[in-house]
Every structure is written in structure tokens, then in C-alpha cells.
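What follows is a structure written as C-alpha cells; I'll ask about it next.
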Amino acid sequence: MSTINEIICGDSREIIPKLELTGVKVTVITDPVWPNNKVPEFQNIDPFMLFGEVWREIEKINPLRFAGQIGCDSDPKIFECVKMPFFRYAWLDFVKPGYKGRLLYSGDVAFLYGNPPSAKTGKQLIPGRCTSNDAKGRENDHPCPRKYEHVKWLIANWTEPDDLVLDPFAGSGQTLRAAKELGRRFIGIEIVPEFFDIAVQNLRQEVMRLEPA
């Protein structure tokens, strides 16, 4: 498989070992199936086991950096298997919060691991907050799409221009769309065909090779 702008329909545990990533600078940016989620489509999945199995394959490609995004009510122990140096967490706020019972759902949280990108003029520091100004709610037909502003901010602040962004839980393709806009190479993997189709539509302005597993 090539390493430039692909979205692949398949299981990350099977796809990642087949990727040709020798000598490639990889940053993993993703939001796995969250602990404590109430999404009907994900209720038969053990988030801890699934992420742990996928991470074991990711470790073999020796990524430089990792950014894991979860909800503010999700258990961060899901990332205990990540043995890279922890850098910081970052708040990904909503301009229009919601609620879950007594919980004010004000945004998501990203956990950043690995060596930070090199400092550049005007970007000496890695900030810790991004507020999405989108108050429209769900941005596409995926049951839990990420805010585009959030994933674009993560890529802008946690990757180098020559990195390849790998998203093993591509979902609706928001991370891949942001990588494309910022000029980063990317590979996304999504196991659910219906979600894969949403991601393809999200990226339809881009001429690329779309590979089934």
C-alpha cells in the first residue's frame, strides 16, 4: 500500500501491519470508541480492549506523536497502554454546550503524547485550548462526528508539515479532511462500511485512491 492520502475500509488491526511506513514520520490523531459512550452502534464493543489491540499494531510503526480525543465524561484510562512520553492535555470546547443528566457537556479532551513539533516563528508554544464556534450540532450523518475546528487545530499544533497523519478510527473522515486542507499526507482506516461512505463523501473534493481492505 502507498502512504499518500488514502482512506481504507477495513479493520485497523489487520490494515496497519500491511502499510508501507518504513522511514515515514507518522503522527497518530484519532478518537477511538470512547469509554462510557451511549451510542447504540458501539454498545457491543469493549473500548479498552479494542484500542489496546489497535495500539499494539501502531507501536510497531514507531510513531513520533499521538493525539487521542475523548469526551469530557470518558475514562482517560483508555490511553494507559500508550507508553510514549505524555506532553499535555488540551480542552476542545463547544461554544454551545449540551447536557447529559446533571453533566454539563462543554467539550472534548485531547491527550498529547510524544515529542512536540519543532518550534517555529509565531508557533513557539503548544496551546491547550480550542473553542469550536460551530453551534449547529452534528456536522454529518455519523452518530458522533468530531468538530472540524477541533481536529484541524490538533493537526495544526501537533504535526510537522512533512508528517503523515494516521487515523485508525476514521469515522466520518473529519481528521482526514483537516489533514488534506493543511497539506498533510494522511491514511484513514474505518471498519464500518456506512461510516466509510460518509468519510468518502467528506473528502469528495479530493482526487485520491480509495482502497477496500
Would you indicate whether the side-chain heavy atoms of Pro168 and Val28 approach each other to under 4.5 Å?
yes

What distance do Leu166 atom CG and Ile15 atom CD1 have between them, rounded to the nearest 0.5 Å?
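The distance works out to 11.5 Å.
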
Between Asp197 and Glu194 (side chain of the first, backbone of the second, donor and acceptor by atom type, cut-off under 3.5 Å), is there such a pair?
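Such a contact is absent between Asp197 side chain and Glu194 backbone.
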
Heavy atoms, side chains only, cut-off 4.5 Å: are Lys123 and Asn157 in contact?
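Yes. Closest side-chain heavy atoms under 4.5 Å.
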
Rounded to the nearest 0.5 Å, how far apart are CG of Asp11 and CD1 of Ile16?
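Answer for the CG-CD1 pair, Asp11 versus Ile16, is 9.0 Å.
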
Mark yes when over 12 heavy atoms from residues, nucleotides or ligands other than Leu125 sit less than 6.0 Å from its CG; otherwise mark no.
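For Leu125, atom CG is not crowded (no more than 12 foreign heavy atoms under 6.0 Å).
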
Tell me whether the count of non-hydrogen atoms from other residues, nucleotides or ligands lying under 6.0 Å of CG in Asn115 goes above 12.
no

Heavy-atom side-chain proximity of Arg146 to Thr175 below 4.5 angstrom:
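Contact flag for Arg146/Thr175 side chains = no.
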
Are Phe169 and Ile58 linked, directly or through other ILVMFWY residues, by side chains that come within less than 4.5 angstrom of each other?
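In one cluster: yes.
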
Has Asn5 got a side-chain atom pairing as donor or acceptor with Phe186's backbone, closer than 3.5 angstrom?
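Answer holds: yes.
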
If you take all heavy atoms of Gly171 and Ala199, which pair is closest and at what distance?
O-CB, 3.5 Å

Gap between atom CG of Leu164 and atom CG of Leu19 - 0.5 Å precision
8.5 Å

Students often mix this up, so state it plainly: with edges at 30° and 60°, are the rings of Trp55 and Phe51 parallel, tilted or perpendicular?
parallel

If you group Ile, Leu, Val, Met, Phe, Trp and Tyr by side-chain heavy-atom gaps below 4.5 Å, do Leu21 and Leu64 land in one group?
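Hydrophobic grouping puts Leu21 apart from Leu64.
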
Restricting to ring-ring contact (aromatic ring centres under 6.0 Å, His included), what partner residues turn up for Phe111, sequence neighbours left out?
Phe79

Step by step, work out the side chain to side chain contact (heavy atoms under 4.5 Å, CB included) result for Ile29 and Val151.
CA-CA 8 Å; Ile29 295 183; Val151 293; 5.6 Å; no

Among the clusters formed by ILVMFWY side chains lying less than 4.5 Å apart, do Val26 and Ile8 turn up in the same one?
yes

All heavy atoms of Arg56 vs all of Lys60, minimum pair found to be O-CG, 3.5 Å

Say you draw a straight line from CD of Glu181 to NZ of Lys152; how long is it, rounded to the nearest 0.5 Å?
3.5 Å

Which atom of Ile70 lies closest to which atom of Pro76, heavy atoms considered:
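Heavy atoms only, the tightest pair is CD1-CA, 3.8 Å.
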
May I ask you to decide if Leu92's main-chain N or O and Asp108's side chain share a donor-acceptor pair within less than 3.5 Å?
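Such a contact is absent between Asp108 side chain and Leu92 backbone.
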
Looking at Glu59 and Cys81, what are the two nearest heavy atoms and their distance?
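Heavy atoms of Glu59 and Cys81 come nearest at OE2-O, 4.1 Å.
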
We want to know whether Thr27 and Lys25 form a side-chain donor-acceptor pair, criterion being a heavy-atom distance below 3.5 angstrom.
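The answer is no; no qualifying pair exists.
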
Between Glu190 and Asp167, is the side chain to side chain contact (heavy atoms under 4.5 Å, CB included) condition met? List the steps.
CA-CA 9 Å; Glu190 174 52 49; Asp167 186 352; over 6 Å; no

Distance-only, no hydrogens or angles: does the Glu160 side chain make a donor-acceptor pair with backbone N or O of Ser118 under 3.5 Å?
yes

Backbone N or O of Pro35 within a donor-acceptor pair of the Ser74 side chain at under 3.5 Å?
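It does hold such a pair.
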
Kindly give the heavy-atom pair with the smallest separation between Asn202 and Ser172, and that separation in Å.
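Looking at all heavy atoms of both residues, the shortest contact is ND2-O, 2.9 Å.
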
With a 6.0 Å cut-off on ring centres, are Tyr105 and Tyr99 close enough?
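No, ring centres 6.0 Å or more apart.
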
For Gln69, does its backbone N or O pair with a side-chain atom of Trp34 as donor and acceptor, under 3.5 Å?
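It does hold such a pair.
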
If you measure from CZ on Phe86 to CG on Leu112, what distance do you get to the nearest 0.5 Å?
7.0 Å

Tell me, do Gln174 and His150 make a side-chain contact under 4.5 Å, heavy atoms counted?
no

For the NZ atom on Lys77, are there more than 12 heavy atoms of other groups (residues, nucleotides or ligands in this structure) within a distance under 6.0 Å?
no

Using only atom types and a distance under 3.5 Å, with no angle test, would you say the side chain of Trp158 pairs donor to acceptor with the backbone of Phe66?
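Yes, Trp158 side chain to Phe66 backbone: donor-acceptor pair under 3.5 Å.
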
Are side-chain N/O atoms of Ser12 and Glu57 paired as donor and acceptor at under 3.5 Å?
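No, no side-chain donor-acceptor pair sits under 3.5 Å.
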
Supply the atom-to-atom distance Leu203 CG to Arg177 CZ, rounded to the nearest 0.5 angstrom.
9.0 Å

Minimum heavy-atom separation for Arg129 to Trp153, with atom names?
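That closest heavy-atom pairing would be O-CZ2, 3.5 Å.
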
Apply side chain to side chain donor-acceptor pair (under 3.5 Å) to Thr121 and list each qualifying residue two or more places apart in sequence or on a separate chain.
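Listed in chain order: nothing, the list is empty.
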
Positive for side-chain hydrogen bond (donor to acceptor under 3.5 Å, both in side chains) with Asp163, one of Arg65, Arg185, Arg184
Arg65

For Asp73, give me all partners under side chain to side chain donor-acceptor pair (under 3.5 Å), at least two apart in sequence or on another chain.
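Per chain and number, Asp73 pairs via side chain to side chain donor-acceptor pair (under 3.5 Å) with Lys100.
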
